[in-house]
Visitor: 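Would you mind keeping the following structure in view while I ask a few things?
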Amino acid sequence: MSTSAQPQFRYTQTPSKVLHLRNLPWECIEEELVELCKPFGKIVNTKCNVGANRNQAFVEFSDLNQAINMVTYYASSSEPAQIRGKTVYIQYSNRHEIVNNKSPGDVPGNVLLVTIEGVEAGDVSIDVIHLVFSAFGFVHKIATFEKAAGFQALIQYSDVQTASTARDSLDGRSIPRYLLPSHVNECYLRISYSAHTDLNIKFQSHRSRDYTNPHLPVNPTAMDGLLQPVVGPDGKKKEFESNVLLASIENMQYAVTVDVLHTVFSAFGTVQKIAIFEKNGGTQALIQYPDIAIAAVAKEALEGHCIYDGGYCKLHLSYSRHTDLNVKAYSDKSRDYTIPISLAMQQTPAAGWQNPPGASAVGYTSSGMPQGHAQTSPVSSWFPAMPSGGHTFVSAPSTFPGQAYASSPSPAQPSPGVPQAIGTQPLHQPSQSPYYGS
DNA sequence: AGCACA
């Protein structure tokens, strides 16, 4: 019997390059593990969120001595190892390597590979894709293509965390029906990680976009595709048309903000300006597009639809006589997206409005660019897995004015929110923080 | 606070 001078070693396993960490905070992310462990050596592999409570993890060092250093350091340290203020207990794992069952598509990256099932390439516009994925953060670039697997898109975010939030929230979900052509019933998103980190987008076109580069040349023939659905097959005689739509909002039980309207109407193209006003006791809004064609598509697609499920905030659309709105660049009732944000902010500083990280093109008004969608908080504002019957479809980044969503469903009242078309499977669910969500 | 199957 050997007598160990150090009692904490008496019961420990034989040393291993792999450490077992427990009592981790819920959903502890890999970066936090790495931050904790990397002072002691090179980390070659990790496995987090292990165990029934997802509060355990494994970290594999490249060298056994590095693992020993970490264990011995914390064995004698007066400061325990901590993540998010929780004491983390560290031992040698009883295995000597982390078996990584991760297929390549499960290795997190900032670029998502999205397969859109059940549609032809022409059924889902790049603007709709952009709208859907912008709910989680600033989308830098999108490239779409057709492969044997079907219609696919690469979505580039600035960082891995944003990408993984989007993946966790959208994988397996369907794009809301009212953003799709009427002949498409469902289209499920299958999302994995791409090995790419930076997409090489050469043109703004109907197949690809670079939202970080407003001066990228437009491929004119490629852009034609955007305008094709304008003319209906019925050949009906057109009424007076305008690039500005007048929206009357019926049964407005819940706040409809400029941001909400921007999100909804951006699905069809660049929204240049928005103005909200009261008329005859009802709420109306003017939405300005750069051209009649886009306005026509939006009008056709949104007429009679409700912004929120349950018949709330039903839209009735007509063409406005206006062609160019004269609105305040940034107020709670109006927005001019053609003015660079920095300028608009100077005119009317508003709380909580932030630029997307890395978005130097603050004045860029490309289709549907959700300029308020930056997520500056390390905590996602999207709650990924709430029960159905949730809240709003329209994206609600943390920078949105709070009251629009604060008034959203209290348990006692019917949920507004999910657009009718997506039924009980809301794509997007705003929440201040996933950690407060349940 | 206590060892991973996908």
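The sequence lines fix the lettering, A, B, ..., with proteins before strands; numbering per chain opens at 1. Computed from a prediction, not measured in an experiment: that's the story for all the values here.
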Visitor: Taking atom P of B/dA1 as reference, at what distance in whole Å does atom CZ of A/R54 sit?
Guide: 19 Å
Visitor: Please lay out, stage by stage, how A/T338 and A/D336 fare under the test side-chain hydrogen bond (donor to acceptor under 3.5 Å, both in side chains).
Guide: CA-CA 5 Å; A/T338 66; A/D336 185 342; 2.5 Å; yes
Visitor: With a sphere of 6.0 Å drawn around NE2 of A/H196, does it hold more than 12 non-hydrogen atoms of other residues, nucleotides or ligands?
Guide: no
Visitor: With sugar-phosphate meaning primed atoms plus P, OP1 and OP2, does A/E97 contact a base, only sugar-phosphate, or nothing at under 4.0 Å between heavy atoms?
Guide: base
Visitor: Taking CG from A/N94 and P from B/dG2, how many angstroms apart are they, rounded to a whole number?
Guide: 15 Å
Visitor: I need the CG-P distance between A/N55 and B/dA1, as an integer number of Å.
Guide: 9 Å
Visitor: Atom CG of A/L21 to atom C1' of B/dA1: distance rounded to whole Å?
Guide: 12 Å
Visitor: Could you go step by step and tell me if A/V88 and A/I90 meet the side-chain contact (heavy atoms from CB on, under 4.5 Å) rule?
Guide: CA-CA 6 Å; A/V88 175; A/I90 303 167; 4.2 Å; yes
Visitor: Can you check the A/R22 CZ to B/dA1 P distance for me, whole Å?
Guide: 9 Å
Visitor: Using the rule for Phe, Tyr, His and the six-membered ring of Trp, do A/F58 and B/dA4 stack at under 5.5 Å and under 30°?
Guide: yes
Visitor: Are the ring centres of A/F40 and A/Y74 closer than 6.0 Å?
Guide: yes
Visitor: Taking A/R167 for the side chain and A/Y193 for the main chain, is one N or O donor matched with an acceptor at less than 3.5 Å?
Guide: no
Visitor: Could you name each residue pair satisfying salt bridge (Lys or Arg N to Asp or Glu O under 4.0 Å) that touches residues 143-157 of chain A, not counting sequence neighbours?
Guide: none
Visitor: Quick check for you: among B/dA1, B/dA4, B/dG2, whose closest atom lies nearest to any side-chain atom of A/R95?
Guide: B/dA4
Visitor: Whole Å only: how far is the CD atom of A/Q91 from the P atom of B/dA1?
Guide: 14 Å
Visitor: Could you list by number each residue of residues 34-45 of chain A showing a heavy-atom separation from DNA chain B of less than 4.0 Å, or answer none if no residue does?
Guide: none
Visitor: Report yes or no: is the cationic atom of A/R335 (NZ for Lys, CZ for Arg) under 6.0 Å from the centre of the six-membered ring of A/Y330, at an angle within 45° of the ring normal?
Guide: yes
Visitor: Hey, which of these two, A/K86 or A/H96, hits DNA chain B nearer its 5' end, going by closest nucleotide?
Guide: A/K86
Visitor: Taking CG from A/D106 and P from B/dC5, how many angstroms apart are they, rounded to a whole number?
Guide: 13 Å
Visitor: What about A/Q56: does its side chain form a donor-acceptor pair under 3.5 Å with the base of B/dG2?
Guide: no
Visitor: Between A/N100 (CG) and B/dC5 (P), how many Å, whole number?
Guide: 12 Å
Visitor: Between A/G51 and A/Y89, who's closer to the 5' end of DNA chain B by nearest nucleotide?
Guide: A/Y89
